[in-house]
2 protein chains.
Amino acid sequence: MNINGAAVWDMDDRMDAFVTACKQNGLRLTHQRLEIYRELMAAKDHPSAEMVYTRVRMRIPTISLDTVYRTLGSLEECNIIGRVGASTSSARFESNPLPHDHFICDGCGEIRDVFASELNREALARAVPEEYVVRSSHVELRGFCPACGQGGGRD
Amino acid sequence: MNINGAAVWDMDDRMDAFVTACKQNGLRLTHQRLEIYRELMAAKDHPSAEMVYTRVRMRIPTISLDTVYRTLGSLEECNIIGRVGASTSSARFESNPLPHDHFICDGCGEIRDVFASELNREALARAVPEEYVVRSSHVELRGFCPACGQGGGRD
DNA sequence: CTCCATGCAAACTTTTTGCAGCACC
DNA sequence: GGTGCTGCAAAAAGTTTGCATGGAG
């Protein structure tokens with residue numbers, strides 16, 4: 001049982017789970033790492049590395065931005081934290097300006113247009129509280145294309 | 001009627017529509033702009049600015065990368081072309097590593113966790129051909145949060 | 001002819017990396 | 001005490017911007 005086990009925890013329990021998860025992944029429990037995670041856990045706004053840096057610096061004034069980047073990277077790699085959206089290095093363009101969705105192959109990186117929006121629109125609207133106005137939706141599917149197959153891509 | 005009018009066109013028709021769309025948006029029909037669009041239209045791989053640059057340079061060896069960036073930016077702004085995923089300047093992190101979805105407010109930029117995945121999984125799988133293996137899905141909803149309201153954000 | 005778009009270069013932002021010293025295990 | 005982590009600095013990658021020239025309308 002790891003950190004992915006439950007939906008809502010109190011902070012202390014989640015810190016305990018974090019410690020366990022770090023140990024399981026061979027990550028040392030440094031002061032910086034603990035504070036970075038604590039700050040991310042307390043944040044409700046999906047902060048950027050820079051935002052985490054600014055906040056953690058209030059507790060550890062000597063921390064450096066590259067440590068924040070490195071730590072967030074390690075934790076993401078171990079699936080202890082997540083990242084909003086895909087981690088695309090550069091912007092990708094397409095001539096089709098109509099709203100549609102994408103399938104991205106984890107093997108070869110191929111991006112394929114798909115049209116899932118219509119299928120989901122009703123369900124999607126129900127996913128947020130009524131007070132929210134949903135204007136558009138974009139679905140990003142990930143998996144393997146026929147060429148890469150189930151085990152084709154290394155991962 | 002603009003470029004958004006039909007689903008499948010042949011290249012010449014789409015170029016015609018592109019010319020019309022440019023005129024409607026007050027964009028001049030420069031050699032570079034035409035070739036950039038032609039290349040993006042011919043591409044099936046959702047290329048990056050750099051990729052477009054490399055390809056267009058085969059026809060226009062003197063074109064510069066910043067022109068490609070500027071052109072793609074203009075065309076996107078006029079909704080003549082699209083961009084894969086959100087145009088996020090920096091990576092955003094979250095302590096929740098479980099698969100879930102996001103609602104992003106176009107007014108204030110707030111990112112809110114939502115859980116639409118379960119609702120859509122079956123429909124999503126049907127959105128791609130059978131030979132494709134879907135391993136994960138991420139839905140990005142956009143609209144307005146209660147604070148920003150329908151007309152709260154400018155857009 | 002006027003003004004937008006281009007090309008060049010340089011700046012800027014975000015993220016990554018090399019290296020020496022320090023801290024965790 | 002060994003190894004990974006940190007901090008510093010510098011570099012890399014992606015993108016944007018100022019300015020003078022050139023081409024579209």
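All values derive from a computational prediction rather than experimental measurement.
- Under the side chain to side chain donor-acceptor pair (under 3.5 Å) criterion, B/Arg142 pairs with B/Asp106, B/Glu140, sequence neighbours left out.
- Ranked by how close their nearest DNA chain C nucleotide is to the 5' end, A/Thr30 and A/Glu50 are led by A/Glu50.
- With sequence neighbours excluded, no residue forms a ring pair (Phe, Tyr, Trp, His ring centres under 6.0 Å) with A/Tyr69.
- Counting only residues at least two apart or in different chains, salt bridge (Lys or Arg N to Asp or Glu O under 4.0 Å) contacts with residues 78-91 of chain B comprise B/Glu76-B/Arg83.
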List the steps and the verdict of side-chain contact (heavy atoms from CB on, under 4.5 Å) for B/Val114 and B/His102. CA-CA 5 Å; B/Val114 298; B/His102 293 105; 5.5 Å; no
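- Close approach of DNA chain C to chain B, defined as any atom under 4.0 Å from a non-hydrogen atom of the protein, starts and stops at C/dC3 to C/dT15.
- Contacts classified as salt bridge (Lys or Arg N to Asp or Glu O under 4.0 Å) and involving residues 46-55 of chain B (residues at least two apart or in different chains) are given here: B/Asp45-B/Arg55.
- Taking all atoms of both residues into account, the shortest heavy-atom contact from A/Glu131 to B/Pro146 is CB-CG, 3.5 Å.
- A side-chain donor-acceptor contact under 3.5 Å links A/Asn96 to the backbone of A/Leu98.
- Within the 4.0 angstrom heavy-atom criterion, only backbone atoms of the sugar-phosphate kind lie near B/Ser89; the bases stay farther away.
- Of the two residues near DNA chain D, A/Arg70 and B/Arg28, the one whose nearest nucleotide lies more 5' is A/Arg70.
- The side-chain contact (heavy atoms from CB on, under 4.5 Å) test with A/Ile36 singles out one residue from A/Ile81, A/Leu72, A/Thr30, A/Ile60, and that residue is A/Leu72.
- Within residues 58-66 of chain A, the residues approaching DNA chain D are A/Thr62, A/Ile63, A/Ser64, A/Asp66, by heavy-atom distance under 4.0 Å.
- In this view, A/Lys44 satisfies the side-chain contact (heavy atoms from CB on, under 4.5 Å) rule with no residue, not counting sequence neighbours.
- Running 5' to 3' along DNA chain D, contacts with non-hydrogen atoms of chain B at under 4.0 Å begin and end at D/dG14 to D/dG25.
- To the nearest 0.5 Å, the span separating CZ on B/Arg14 from CG on B/Asp12 amounts to 11.5 Å.
- Defining each end axis of the helix from C/dC1-D/dG25 to C/dC25-D/dG1 as the rotation carrying four pairs' C1' atoms onto the next four, with five pairs an end, the two axes are found to diverge by 40° to 10 degrees.
- Remark: A/Thr67 pairs with A/Ser64 by the side chain to side chain donor-acceptor pair (under 3.5 Å) rule, at least two apart or across chains.
- Residue A/Val84 is found in a hydrophobic cluster whose other members, listed by chain and number, are B/Ile104, B/Ile111; membership requires side-chain heavy atoms under 4.5 Å apart, directly or through intermediates.
- With DNA chain D read from its 5' end, the first of the two nearest nucleotides for B/Arg83 and B/Lys23 is the one closest to B/Arg83.
- Within 4.0 Å (heavy atoms only), A/Arg33 reaches sugar-phosphate atoms of the nucleic acid but no base atom.
- Residues forming a side chain to side chain donor-acceptor pair (under 3.5 Å) with A/Arg38 (at least two apart in sequence, or on another chain): A/Glu35.
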